[in-house]
Amino acid sequence: MTLYSIILSTHIGTALLLIGLVLYADHMGFSWMRGKVSVLPLKKLLRIHHAIYAGLALMIATGLYMFLPLRSFLIYEPAFIIKMSFIGVLIINSLYIGKLTRIASTAPFALLSTGQKRKLLLSGGISAICWISIIVTATQLGV
């Protein structure tokens, strides 16, 4: 097994774990939004959020390792540019989600203002669109 195959396996494995974590976090959020639970445990939310940050950092590191030998090709590849754009939006959105996390641990969704609900739903939608788009564009890279 080569170093590259280990890095690629780590990259893909981390992506799968992150997708699982995001789905779990979304499930918790939907339960909260539907009123199944009144508030979410802050410690658990922060642990999940930090694990996602760590996974994103590992994916960036492994992605950079795979990018460097192919950089002269990838910087002109539209699918790569689109994927990196979605990753950038995802990272910015994750910082915003970090600020919104505390809301779900302090009040039931039904009691939030319309503005708070809108911000949470928009941020969740952006996250979902980015994750799906990153996966789709990754399959189009042809490398």
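In terms of the side-chain hydrogen bond (donor to acceptor under 3.5 Å, both in side chains) criterion, residue partners of Lys44 (sequence neighbours excluded) are, by chain and number, Tyr24. Residues that satisfy the side-chain contact (heavy atoms from CB on, under 4.5 Å) test with Gln140, not counting sequence neighbours, are Ala79. In this structure, Thr114 has no side-chain hydrogen bond (donor to acceptor under 3.5 Å, both in side chains) partners at least two apart in sequence or on a different chain. Not a single side-chain contact (heavy atoms from CB on, under 4.5 Å) links Lys43 to another residue, sequence neighbours left out. Shown here are the side-chain hydrogen bond (donor to acceptor under 3.5 Å, both in side chains) partners of Thr106, two or more places apart in sequence or in another chain: there are none.
In this structure, Leu141 is a member of the same hydrophobic cluster as Leu90, with clusters built from ILVMFWY side-chain heavy atoms closer than 4.5 Å. In the hydrophobic clustering of ILVMFWY residues, with side-chain heavy atoms under 4.5 Å counting as a link, Leu121 and Val22 come out together. The cluster map of Ile, Leu, Val, Met, Phe, Trp and Tyr, joined by side-chain heavy atoms under 4.5 Å apart, puts Tyr4 and Ile6 in different clusters. Transitive grouping of hydrophobic side chains (ILVMFWY, heavy atoms separated by less than 4.5 Å) keeps Val37 and Val39 in distinct clusters. Connection of Ile97 to Phe30 is not established within any shared hydrophobic cluster, with ILVMFWY side chains joined at heavy-atom distances below 4.5 Å, either directly or through further cluster members.
Residues Pro41 and Met28 approach most closely at CD-CE, 4.5 Å, considering heavy atoms. Shortest non-hydrogen contact noted between Ile48 and Ala25 is CG2-CB, 3.9 Å. Contact between Phe109 and Leu120 at its shortest, heavy atoms only, is CE1-CD1, 4.4 Å.
Once rounded to the nearest 0.5 Å, the distance linking CG of Leu21 with CG of Leu16 reads 11.5 Å. Separating the CG atom in Leu45 from the CG atom in Leu100 is a distance of 11.5 Å, to the nearest 0.5 Å. Here NE2 of His27 is found 4.0 Å from OG of Ser31. Values are rounded to the nearest 0.5 Å. Rounding to the nearest 0.5 Å gives a distance of 6.5 Å between CD1 of Ile103 and CG of Leu112. If you take OG on Ser123 and CD1 on Ile92, they are separated by 12.0 Å, rounding to the nearest 0.5 Å. Expressed to the nearest 0.5 Å, how far CG of Asp26 lies from CD1 of Ile19 amounts to 11.5 Å.
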After noting the C-alpha distance and the side-chain angles of Met84 and Leu74, does the key distance pass the side-chain contact (heavy atoms from CB on, under 4.5 Å) rule?
CA-CA 11 Å; Met84 292 301 107; Leu74 289 174; over 6 Å; no
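The side-chain hydrogen bond (donor to acceptor under 3.5 Å, both in side chains) analysis of residues 95-105, with sequence neighbours excluded, yields no pairs. Within the structure, no pair that satisfies the side-chain hydrogen bond (donor to acceptor under 3.5 Å, both in side chains) test touches residues 72-84, not counting sequence neighbours.
Thr14 contributes a side-chain N or O that, together with a main-chain N or O of Thr10, makes up a donor-acceptor pair within less than 3.5 Å.
The hydrophobic side chain of Leu17 is isolated, with no ILVMFWY side chain under 4.5 Å apart from it.
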Distance-only criterion, 3.5 Å: show the donor-acceptor pairs between side-chain atoms of residues 125-137 and protein atoms not counting sequence neighbours.
residue: Ser133; atom: OG; partner: Ile129; partner atom: O; Å: 2.8
residue: Thr137; atom: OG1; partner: Ser133; partner atom: O; Å: 2.9
residue: Thr137; atom: OG1; partner: Ile134; partner atom: O; Å: 3.2

What pairs of donor and acceptor atoms, side-chain ones from residues 50-69 against any protein atom, are under 3.5 angstrom apart with sequence neighbours left out?
residue: His50; atom: ND1; partner: Leu46; partner atom: O; Å: 3.1
residue: Tyr53; atom: OH; partner: His49; partner atom: NE2; Å: 3.2
residue: Tyr53; atom: OH; partner: Ser94; partner atom: O; Å: 3.1
residue: Thr62; atom: OG1; partner: His11; partner atom: ND1; Å: 2.6
residue: Thr62; atom: OG1; partner: Leu58; partner atom: O; Å: 3.0
residue: Thr62; atom: OG1; partner: Met59; partner atom: O; Å: 3.2

